Amino acid sequence: MTDNSTPENLDIQKKVNFIHSQITDDLKVGKNDNRVHTRFPPEPNGYLHIGHAKSICLNFGIAEKFNGKCNLRFDDTNPSKEETEYVESIMEDVHWLGFDWADRLYYASDYFEKLHEFAVLLIKDGKAYVDDQDAETISSQKGTPTRPGIESPFRNRSVEENLDLFRRMTNGEFDEGACVLRAKIDMNSPNMHMRDPIIYRIMKAHHHRTGDKWCVYPMYDFAHGQCDFWEGITHSICTLEFEVHRPLYNWFVDQLQETDYRPRQIEFARLNLTYTVMSKRKLLELVKDKHVSGWDDPRMPTISGLRRRGYTPESIRNFSDRIGVTKVDGMIDVSLLEYSVREHLNKTAQRVMGVLNPLKVIITNYPENGYEELDAINNPEDEEMGMRNVPFSKELFIERDDFMENPPKKFYRLSPGTEVRLRYAYFITCNEVVKDENGNVTELLCTYDPASKGGNSPDGRKVKSTLHWVSAKHAVKSEVRMYDRLFRDENPDGHKDIDFKEFMNPDSLNVITDCYIEPFVKNAKPLDHFQFERLGYFNLDLDSTKEKPVFNLTVQLRDSWAREQNKN
RNA sequence: UGUCCUGUAGUGUAAUUGGCAACACGUCUGACUCUGAAUCAGAAGAGUCCAGGUUCGACCCCUGGCAGGACAACCA
């Protein structure tokens, strides 16, 4: 690794967003003793995706920028959906992105005791009551956004009765659904969330941390603000859909009445990316129904998928910074993400030659058992990465796409009679095309110009094109997994009445098994990045073995030739 | 017949107490090139959702519309 791998050297200017401005304003008036403390609060019910990366970069980025702190807190108030596997993957992903919560790892479940005491306090204050009605009844009494709700017949139970009932709920004396604890606020509020929200429900489920200790669990709204408060969070940043929860968030925190310190909820727009889906529910569906190989399938927008695909933490962080933070619900073009990886990998990736779709080339005037090693540059963007040797011999492979028997006007690669350069090697000329009985080209007979060794002719002769190649005998036969977008539609879940899976791209994975890569890659470790010259960026997959290396296409190089072809 | 939020080139973001609408990606030229990449130079593309108002001057302030989104899980 060189210095080029650090994000600082990518020259990205950190953008100032509206949240930074609000924090600056808070600091100007000395709010909360001038502390800045954020938190990243995932629910461990799935793997993190690129949208979470935006939130992680935002929250940890703010802590960095304002000399504050950022906690990692698992929002684990619903044991039926949460698992330790997810907890572990989330911690791995946050660290991989390059952020550290130090000793500030928390769980909402750390506060179950305190939350329960707080609920009891609300009951004693006459601000909470046990409702024996079923879910459907409570829901119907809530009214609609345009019609007020009606009060529960149990709303005015005595404090003593509520205390007793809640104690018995807690002791497991009632079945799930038998009753709930509700905050007594205002059934006529224009804000649905203020209409006596449920704050505790009975769940006889095993919790991944507290086991079977509890059979009542707090709802999100009853946990989040209080956890923020107890952790000393100053700016509680969440996505837009929680906007309408804010009055409730504030209401609970106000009931705490401990000091005048108040955490402040600020909402921003979640990330939407073209040609993918970004909801955990849908990603889980893709995994469970085996549309992908797992959460870390390289086609997934998960952080683990992107990592396996060959994305770097730097590229994701730069992407996050580039897209900015606002309250406008939008859709970011994946090309911006792709640009971010190319930008980073261009500066850092080892170059190597690899032939995906081989066509044999025989250098007829090269000695029968001839062999030599040619000098190649490891990364033209970084001199410090040095040079390597590439073996050359009589039988080579070139890319099938680089030869055309009857080339169109602007095709300036190899065709009968033309001369091209083999990168770092020689000029070669195609003299004869060998075909099988079906007329398919099977090999090319070419001659080389020994004087052009290294890639330049002493007579100053120019050549229109440079091809990548590989020595047939020395190349490493590999499997390469070519990826395309997972969905054909820009916005797969933006269609009413059509399931997002209808838009899946049947060709999103194309496994090629007869690829030949120069022997340099023999020493590669899983996840190592390469640029296969003229093709794209690839990394070694976890499935690789010594006998059979497997590479993933991270992203193709920009290709103006292909683009021009597509126009016609 | 509600409450809250949001409307700036194709996309995303800017415009620091109101002062010639800027940047990035994408697109298109051209230069350079041992990667049809990268790099470099340049171009096209919005008059800021609409209509009024205040002002010498409005993306910004005011009024009224319009459009889109969120909210009716014992999910988060």
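All values derive from a computational prediction rather than experimental measurement. Labels below follow one simple rule: chain letters A, B, ... track the order of the sequence lines, proteins then strands, and each chain is numbered from 1. Computed over heavy atoms, backbone and side chain alike; hydrogens, waters and symmetry mates excluded.
- When rounded to the nearest whole Å, the span between CZ of A/F18 and P of B/U8 equals 15 Å.
- For A/V328, taking side-chain heavy atoms from C-beta onward, the closest of the listed nucleotides B/C74, B/U6, B/C5 is B/U6.
- An OP1 or OP2 oxygen of B/A38 is reached within less than 4.0 angstrom by a side-chain nitrogen or oxygen of A/R558.
- Interface remark: the A/E381 side chain does not form any donor-acceptor pair with the B/U39 base, using a distance-only criterion of under 3.5 Å.
- The CD atom of A/Q265 sits 12 Å away from the C1' atom of B/A76 (whole-angstrom rounding).
- A sub-4.0 Å separation between OP1 or OP2 of B/A37 and a side-chain N or O of A/S560 is present.
- Nucleotides B/C40 and B/G26 have their P atoms positioned 13 Å apart, rounded to a whole Å.
- Checking B/A72, B/U13, B/A76 against the side-chain heavy atoms of A/T144 singles out B/A72 as nearest.
- For A/K327, whose side chain is taken as the heavy atoms from C-beta onward, the closest listed nucleotide among B/U35, B/A76, B/C5 is B/C5.
- Across B/A72 and B/A46, the matching C1' atoms stand 39 Å from one another, rounded to whole Å.
- Comparing B/A76, B/G36, B/A72 by their nearest atom to the side chain of A/E43 picks out B/A76.
- The CG atom of A/L336 sits 7 Å away from the C1' atom of B/G12 (whole-angstrom rounding).
- Distance, A/E241 CD to B/C5 P: 16 Å, rounded to whole Å.
- A 3.5 Å limit on both hydrogen-bonding distances identifies no Watson-Crick or G-U partner for B/U55.
- With both pairing distances under 3.5 Å, B/C66 is matched to B/G7 as a Watson-Crick or G-U wobble pair.
- Straight-line distance from the CD atom of A/Q350 to the P atom of B/A38: 20 Å, rounded to whole Å.
- Ring centroids of A/H207 and A/F112 are separated by less than 6.0 Å, placing the two rings close together.
- Looking at the side chain of A/H245, the nearest of the listed nucleotides B/A76, B/A72, B/C5 is B/A76.
- Look at A/T326 and you'll find a side-chain N or O under 4.0 angstrom from OP1 or OP2 of B/U13.
- A salt bridge does not link A/K347 with A/E314: every distance from a Lys NZ or Arg NE/NH1/NH2 to an Asp or Glu carboxylate oxygen is 4.0 Å or more.
- Between A/I199 and A/D221 there is no side-chain heavy-atom pair separated by less than 4.5 Å.
- Base pairing of B/U48: no nucleotide in any strand meets the Watson-Crick or G-U wobble criterion (both distances under 3.5 Å).
- B/C60 and B/U6 have their P atoms separated by 15 Å, given to the nearest Å.
- Across B/C61 and B/G42, the matching C1' atoms stand 39 Å from one another, rounded to whole Å.
- With salt bridges taken as basic N to acidic carboxylate O contacts below 4.0 Å, none links A/E399 and A/R534.
- With a glycosidic angle further than 90° from 0, B/G65 counts as anti.
- Side-chain contact between A/N378 and A/R351 is absent, with no heavy-atom pair separated by less than 4.5 Å.
- Shown here, B/C71 forms a base pair with B/G2; the pair counts as Watson-Crick or G-U wobble because both key distances fall under 3.5 Å.
- The separation of B/G47 from B/A15, taken at their C1' atoms, amounts to 14 Å, rounded to a whole angstrom.
- In this model, the phosphate group of B/U11 is not approached by any side-chain N or O of A/S335 to a distance below 4.0 Å at OP1 or OP2.
- Nucleic acid contact for A/V325: sugar-phosphate only, since backbone atoms but no base atoms lie under 4.0 Å from a heavy atom of the residue.
- For A/M192, the listed nucleotide lying nearest its side chain is B/A72; candidates were B/A72, B/C74, B/U13.
- As judged by a 4.0 angstrom heavy-atom cut-off over every strand, A/D559 is placed among residues touching the sugar-phosphate backbone only.
- At B/C75, none of the side-chain N or O atoms of A/Y220 fall inside 4.0 Å of OP1 or OP2 (strictly under the cut-off).
- Mapping A/Y339 and A/K462 onto RNA chain B by nearest heavy atom places A/Y339 at the nucleotide closer to the 5' end.
- Nucleotide B/A22 has B/U13 as its partner under the Watson-Crick or G-U criteria, with both atom distances under 3.5 Å.
- Taking the charged nitrogens against the carboxylate oxygens, A/E43 and A/K280 have no contact shorter than 4.0 Å, which rules out a salt bridge.
- Between A/R246 and A/G330, the one whose closest nucleotide on RNA chain B sits nearer the 5' end is A/R246.
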task = Show the numbers, then the answer: is there a salt bridge (charged side-chain N to carboxylate O under 4.0 Å, His left out) between A/E82 and A/R209?
result = CA-CA 10 Å; A/E82 296 148 7; A/R209 291 188 74 241; over 6 Å; no
task = Let me see the working for A/R388 and A/E518 under salt bridge (charged side-chain N to carboxylate O under 4.0 Å, His left out), right down to the final yes or no.
result = CA-CA 11 Å; A/R388 70 183 185 285; A/E518 66 168 89; 2.7 Å; yes
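- Evaluation of atom-type donor-acceptor distances gives no pair under 3.5 Å for the side chain of A/R534 against the base of B/G36.
- The gap from the P atom of B/C49 to that of B/A58 amounts to 15 Å, rounded to the nearest Å.
- Between A/H52 and A/Y47, the ring center distance fails the sub-6.0 Å criterion.
- When rounded to the nearest whole Å, the span between CZ of A/R351 and P of B/U35 equals 11 Å.
- Using a 4.0 Å heavy-atom criterion, one finds that A/D221 contacts no nucleic acid atom at all.
- Closest to the A/N346 side chain, of the nucleotides B/A38, B/A72, B/U6, is B/A38.
- Using a 90° window around 0 for the glycosidic torsion, B/A73 falls inside it and is classed as syn.
- Within the nucleic acid shown, A/Q531 comes within 4.0 Å of at least one base atom, counting heavy atoms only.
- The CG atom of A/N491 sits 14 Å away from the C1' atom of B/U11 (whole-angstrom rounding).
- One finds no side-chain N or O of A/T146 lying less than 4.0 angstrom from the OP1 or OP2 phosphate oxygen of B/A72.
- Comparing B/C28 with B/C5, their C1' atoms sit 38 Å apart, to the nearest whole Å.
- Taking atom CZ of residue A/F154 and atom P of nucleotide B/C74, one finds them 17 Å apart after rounding to whole Å.
- In the set B/U35, B/A24, B/G12, B/A24 carries the atom at the smallest distance from any side-chain atom of A/R322.
- Side-chain atoms of A/R563 lie closest to B/C28 of the nucleotides B/A37, B/C75, B/C28.
- No engagement by A/L240 is indicated, since no non-hydrogen atom pair under 4.0 Å with the nucleic acid exists.
- Using a 4.0 Å heavy-atom cutoff across all strands shown, A/M219 reaches sugar-phosphate atoms only and no base atom.
- Taking the side chain of A/E243 as heavy atoms from C-beta on, and the options B/C25, B/A76, B/C4, the nearest nucleotide is B/C4.
- Taking atom P in both B/U29 and B/A37, one finds a spacing of 12 Å when rounded to whole Å.
- In this structure, A/R201 reaches the B/A76 phosphate: one of its side-chain N or O atoms is under 4.0 Å from OP1 or OP2.
- Using a 4.0 Å cut-off between charged nitrogen and carboxylate oxygen, A/E231 and A/R73 count as a salt-bridge pair.
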